[in-house]
Novice: 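The following block contains the structure, expressed as structure tokens.
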Amino acid sequence: MTVEPFTLLAPILSPESATSASWIPHGALSVDGSGRILYCGEHGGLPETLAGLPTRILDGVLVPGFVDCHTHLPQYDCRGKFGVTLMEWLDHFIYPEEARFADELVARDVARRFFHGLLEAGTTTAAIYSSVHARATWVAFEEAERARLRVILGKVLMDRDAPDALCEPVATAVRETRALIEAWHHKTPRLLYAVTPRFAPTCSPALLRAAADIAEQTSVYVQTHLNESPAEISLVSSLFPSASSYTRVYDEAGLLGPRTILAHNIHPDDSELDLCEERNAAVAHCPDSNLFLGSGRFPLERYDGRSIRIGLGSDVGAGTSLSMPVVMRSMAWVQGRSLHPFALLYHATLGGARALSLGDETGTLRAGLSADMVEIRIDEHFAKGRHLTDLRAIEAASAVVYRSETHDIRRVWMGGELLYDRDGPGSLIPE
Ligand code: GUN
Ligand code: ZN
């Protein structure tokens with residue numbers, strides 16, 4: 001993919017860590033022909049050699065594209081189905097919905113709208129569950145490739161305690177997963193595979209082990225759910241009586257490592273946090289989903305001082321929205337207070353990228369990284385007559401985190417390519 005090199009002039013807000021962000025009110029960002037950031041800094045410091053590039057002045061603030069560490073494509077049309085806790089919600093709403101993905105036309109229609117939804121929300125990288133269907137997963141990869149987004153995507157694996165139509169023998173799961181990895185993992189630098197055992201209640205020990213073997217042999221990611229609800233945790237202890245904890249079940253199967261993304265983990269005991277830390281497995285915190293299903297409160301203070309990487313996930317469809325600003329705000333509401341906007345911005349961008357082992361590729365605006373960027377409009381009433389460039393860093397971050405809506409996402413670039421222009425044609429994904 002080549003792009004015409006260019007420069008953007010805009011206020012730039014970019015995370016550096018969970019406690020710091022860089023704010024450059026008079027910023028400039030130049031992109032090279034391969035879609036990488038050549039320069040990001042003060043406009044006044046723009047190197048002479050870049051001064052002649054085509055230049056565009058933006059009205060909004062430039063931030064990194066958002067990173068969604070956990071979401072379900074086949075649940076896109078199933079958001080907001082209220083009334084029950086996790087296990088009933090899966091039985092009543094989710095399994096019947098995912099069964100529809102046996103139909104390729106359904107799979108393609110939803111995948112197109114889902115990727116458009118991500119783009120419109122300013123999300124440029126996402127870790128995504130497909131359904132159990134190999135064909136639907138193939139179609140999801142095709143649509144991700146068309147949308148040009150960076151995805152870590154995998155076919156769900158289940159072999160028990162779910163409707164027959166969604167379960168399959170271990171041998172079939174292995175054959176289909178291997179074929180998908182062969183076809184799609186690294187087909188382009190933005191398409192990556194995750195072996196996706198749904199969660200321990202619907203996977204036999206043999207399936208969990210087979211999943212771990214594939215991941216180890218092919219160096220792909222692993223994604224699964226962990227410690228989301230009390231009823232789920234009791235079920236796991238009765239299904240795996242010899243394991244000392246839910247996390248141990250995955251560890252004994254060989255599933256925990258630096259490329260493992262564990263969704264939720266909101267009810268771990270200390271030994272489970274120790275194990276996650278030892279194995280360097282990452283956690284996808286999904287606060288909007290936790291609030292919707294009443295799953296419980298993420299014990300943020302117990303992660304404090306530990307090296308466990310934490311990214312944020314929308315967890316659509318238990319999460320109600322693909323919007324990472326909505327998810328950032330939910331992270332604060334779960335804690336019962338406003339969290340510092342630098343911390344929230346970090347978890348939705350660079351922290352998420354690091355959780356996905358992609359921190360050297362995306363998640364912040366720095367020379368050498370992929371130019372994955374979003375322009376967010378900040379409404380003039382926030383600045384109260386001052387110019388955007390007069391805001392302090394914490395004000396700019398507060399506006400982005402606590403005030404922005406999806407309609408404030410004005411433009412989205414992926415690898416320097418403009419993929420969405422709200423004031424122009426909208427989506428620029430090629431047909
Ligand atoms: N646990 C197992 N499957 C799911 C799912 O689809 N959504 C959520 N939130 N939790 C799960
Ligand atoms: Zn989930």
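The figures that follow rest on heavy atoms only: side chains count, while hydrogens, waters and symmetry mates do not. Not measured: the values here are computed from a predicted model. Atoms within a ligand are numbered from 1 in the order they appear, just like the ligands themselves.
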Novice: I'd like to check which ligand 1 atoms, numbered from 1 as shown, lie under 4.0 Å from a non-hydrogen atom of A318.
Specialist: 9 (N)

Novice: Do any nitrogen or oxygen atoms of E228 come within less than 3.5 Å of a nitrogen or oxygen of ligand 1?
Specialist: yes

Novice: Do any side-chain atoms of residues 210-220 form donor-acceptor pairs under 3.5 angstrom with protein atoms, and if so which ones, sequence neighbours left out?
Specialist:
unit_1 : atom_1 : unit_2 : atom_2 : d
Q217   : OE1    : R178   : NH1    : 3.3
Q217   : OE1    : R178   : NH2    : 2.5
T218   : OG1    : I214   : O      : 2.7

Novice: Under a 4.0 angstrom heavy-atom cut-off, which atoms of ligand 1 come close to H264?
Specialist: 9 (N)

Novice: Which of the atoms in ligand 1, numbered in the order shown and given with their element, are less than 4.0 Å from a heavy-atom of H72?
Specialist: 5 (C), 6 (O), 7 (N)

Novice: Determine whether I376 and I409 make a side-chain contact, defined as any pair of heavy atoms from C-beta on separated by less than 4.5 Å.
Specialist: yes

Novice: Would you tell me which option among H225, Q75, M87 has the nearest heavy-atom contact to atom 1 (N) of ligand 1?
Specialist: H225

Novice: Taking side chain as C-beta onward, heavy atoms only, is R403 less than 4.5 Å from H381?
Specialist: yes

Novice: Below 2.8 Å of the Zn ion (ligand 2), tally up the protein N/O/S atoms for me.
Specialist: 4

Novice: For the residue pair P341 and I394, establish whether any side-chain heavy-atom pair is separated by less than 4.5 Å.
Specialist: yes

Novice: Is D315 close to ligand 1, meaning an N/O of one under 3.5 Å from an N/O of the other?
Specialist: yes

Novice: Where on L90 is there a heavy atom closer than 4.0 Å to ligand 1, on the side chain, on the backbone, on both, or on neither?
Specialist: side chain

Novice: Can you name the atoms of ligand 1, numbered from 1 with element, that are less than 4.0 Å from a heavy atom of L86?
Specialist: 8 (C), 10 (N), 11 (C)

Novice: Look at the rings of F298 and H285 and say which category their plane angle falls in: under 30° parallel, 30 to 60° tilted, over 60° perpendicular.
Specialist: parallel

Novice: Using the ring of Y76 (Phe, Tyr or Trp, six-membered ring only), decide whether R79 places NZ or CZ under 6.0 Å from its centre and within 45 degrees of its axis.
Specialist: yes

Novice: Where on E232 is there a heavy atom closer than 4.0 Å to ligand 1, on the side chain, on the backbone, on both, or on neither?
Specialist: neither

Novice: Does ligand 1 have a heavy atom under 4.0 Å from the side chain of F93, from its backbone, from both, or from neither?
Specialist: neither

Novice: Over 60° means perpendicular and under 30° means parallel, so classify the ring planes of H72 and H70, tilted if in between.
Specialist: perpendicular

